[in-house]
Amino acid sequence: MKKPLPISYFITTFFTIFIGAGAFYGGILLIIDSTGSILQMDGLLKYFEVLPFSDVLFKDYTFSGFALIIVNGIPNIVAFIMLLLKQKTGIILGLICGVLLQLWILIQFIIFPFNILSTSYFIFGVILFLAGYTCFVRYSQRQFSFSIDDYPNILEESKTLVVYFSRMGYTKKVAYEIANAQHAKIYEVKPLEKINGNLGFFWCGRFGMHKWPMKIEEIEIDLSRYDLVIICTPIWVFNVSAPIRAFLDKASGKIKNVNYVFVHYMKSDFKKVAAGMDQILKIKHTLLTNYVARLGKIKRMK
Ligand SMILES: Cc1cc2nc3c(=O)[nH]c(=O)nc-3n(C[C@H](O)[C@H](O)[C@H](O)COP(=O)(O)O)c2cc1C
């Protein structure tokens with residue numbers, strides 16, 4: 001089933017047409033009537049005198065009209081059409097349009113006295129940029145794929161166990177790749193709290209901040225049976241994720257050999273987190289591997 005488009009997609013689409021159509025409307029009126037009187041801007045022409053080449057470019061509003069259409073009109077309308085066609089370039093162009101609008105208004109902030117219209121459009125530029133950027137991140141994350149059929153070597157009766165928790169799927173993919181390469185058994189730690197969606201994110205953040213363990217489903221596995229346990233966890237608030245923290249509490253003293261795999265956004269090796277996990281498990285880890293997951297792509301850190 002296709003996922004619904006995020007709200008940020010609709011916000012980006014709305015602002016591109018709103019700003020693009022407005023820029024065309026204003027630009028055409030300034031070209032038709034270069035005194036600016038139709039838009040009641042004739043009194044503002046004196047403020048342009050501080051700009052370079054004002055005696056040539058800003059004698060009237062002809063240049064400003066063309067500039068408005070080229071800088072804010074055409075790019076926003078192209079972005080709007082691309083967004084309607086569900087093209088990734090529309091998202092990127094949309095966020096660039098947000099920046100262009102902010103730069104445009106910055107010039108107005110310098111030359112005009114304070115006015116609500118310029119301030120409102122600056123805020124629209126910020127919203128367009130933020131919505132476009134959020135959309136870009138969401139779009140990139142959607143490119144991430146996982147299929148269990150790609151991992152045929154996972155063995156139920158192996159002496160190596162890969163334990164993982166994953167909220168967004170990145171750690172799951174890393175865990176399956178490791179289990180497949182090592183012919184290991186795989187075990188998922190399942191939290192009993194609501195962790196999905198935006199609310200879930202903040203709920204997880206709360207557990208992360210307080211370094212609280214999160215209630216998890218009963219562990220139905222005899223950990224002492226395994227020669228090596230590889231624990232894969234996302235990093236939450238610079239620390240081990242709350243469900244894996246709960247797993248560590250329950251596994252304390254029961255594991256013979258342990259390796260850690262951390263999946264996170266930042267380029268850090270989180271060695272202190274590994275040391276903290278050792279303390280809970282009462283054993284020193286043999287190996288720590290870090291993966292950086294960004295915009296739908298996972299890279300192993302060197
Ligand atoms: C509540 C929360 C806190 C996070 N804190 C950090 C952090 O401090 N440093 C970091 O690099 N990534 C942080 N992240 C990002 C995750 O570590 C990263 O997205 C990881 O790939 C998620 O793995 P998953 O897809 O298996 O859930 C955080 C994510 C969440 C949900």
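When a residue number appears, it is its place in the shown sequence, counting from 1. Keep in mind that the numbers below use all heavy atoms, side chains included, and drop hydrogens, waters and symmetry copies. Every number for a ligand or one of its atoms is a count from 1 in the order of the listing.
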Hey, looking at atom 22 (C) of ligand 1, which of Pro234, Cys232, Ala175 has the closest heavy atom? Pro234
Nearest protein heavy atom with distance in Å, relative to atom 18 (C) of ligand 1: His264 CA, 4.1 Å
Rounded to the nearest 0.5 angstrom, the CG-CG distance for Leu228 and Leu161 is 8.5 Å
Do Val292 and Tyr260 land in one hydrophobic cluster if side-chain heavy atoms of ILVMFWY residues count as linked below 4.5 Å? no
Enumerated ligand 1 atoms positioned under 4.0 Å from heavy atoms of Gly205: 1 (C)
Looking only at protein heavy atoms, which one is nearest to atom 19 (O) of ligand 1, and how far off is it? Tyr170 CD1, 4.6 Å
For atom 8 (O) of ligand 1, what is the nearest protein heavy atom, given as residue, atom name and distance? Phe238 N, 2.8 Å
Find out whether the Lys NZ or Arg CZ of Lys173 is both under 6.0 angstrom from the six-membered ring centre of Phe144 and within 45° of the ring's axis. yes
Under 4.0 Å, counting heavy atoms only: does Gly169 come that close to any atom of ligand 1? yes
Can you confirm whether the side chains of His285 and Asn259 place a donor and an acceptor under 3.5 Å from each other? no
Using a plain distance cutoff, I'd like to know if Ser166 has any nitrogen or oxygen under 3.5 Å from a nitrogen or oxygen of ligand 1. yes
Quick one: look up the protein heavy atom nearest atom 11 (O) of ligand 1 and list residue, atom name and how far away it is. Met266 N, 2.7 Å
Give the residue and atom name of whichever protein heavy atom lies nearest to atom 2 (C) of ligand 1, and the separation in Å to one decimal. Trp236 CD1, 3.7 Å
I'd like to check which ligand 1 atoms, numbered from 1 as shown, lie under 4.0 Å from a non-hydrogen atom of Met168. 24 (P), 25 (O), 27 (O)
Drop me the distance from Leu100's CG to Ile70's CD1, to the nearest 0.5 angstrom. 12.5 Å
State, to 0.1 Å, how close Thr16 and Leu128 come at their nearest heavy-atom pair, and which atoms those are. CG2-CD1, 4.0 Å
Among side-chain atoms of Tyr61 and Asp42, is any donor-acceptor pair under 3.5 angstrom? no
Side chain, backbone, both or neither: the part of Cys204 lying under 4.0 Å from ligand 1 by heavy atom: both
Single hit among Phe165, Trp212, Phe202 for ring-ring contact (aromatic ring centres under 6.0 Å, His included) with Phe207: Trp212
If we count only N and O atoms by modelled type, under 3.5 Å, do the side chains of Asn115 and Thr119 hold a donor and an acceptor together? no
Under 3.5 Å side-chain donor-acceptor pair for Lys254 and Ser224: no
protein heavy-atom neighbour closest to atom 20 (C) of ligand 1 works out as Val263 O, 3.9 Å
So the atoms of ligand 1 within less than 4.0 Å of a heavy atom of Ala293 turn out to be 21 (O)
For Arg167, counting its heavy atoms only, list the atoms of ligand 1 lying under 4.0 Å from any of them. 24 (P), 26 (O), 27 (O), 31 (C)
Best match, Val273, Asn290, Ile235: closest heavy atom to atom 14 (N) of ligand 1: Ile235
Starting from atom 5 (N) of ligand 1, find the nearest protein heavy-atom neighbour and note its residue, name and distance. Val237 N, 2.8 Å
Where is the nearest protein heavy atom to atom 12 (N) of ligand 1: which residue, which atom, and how far? Tyr265 N, 3.4 Å
Between Asp33 (side chain only) and Ile38 (backbone N and O only), is there a donor and an acceptor less than 3.5 Å apart? yes
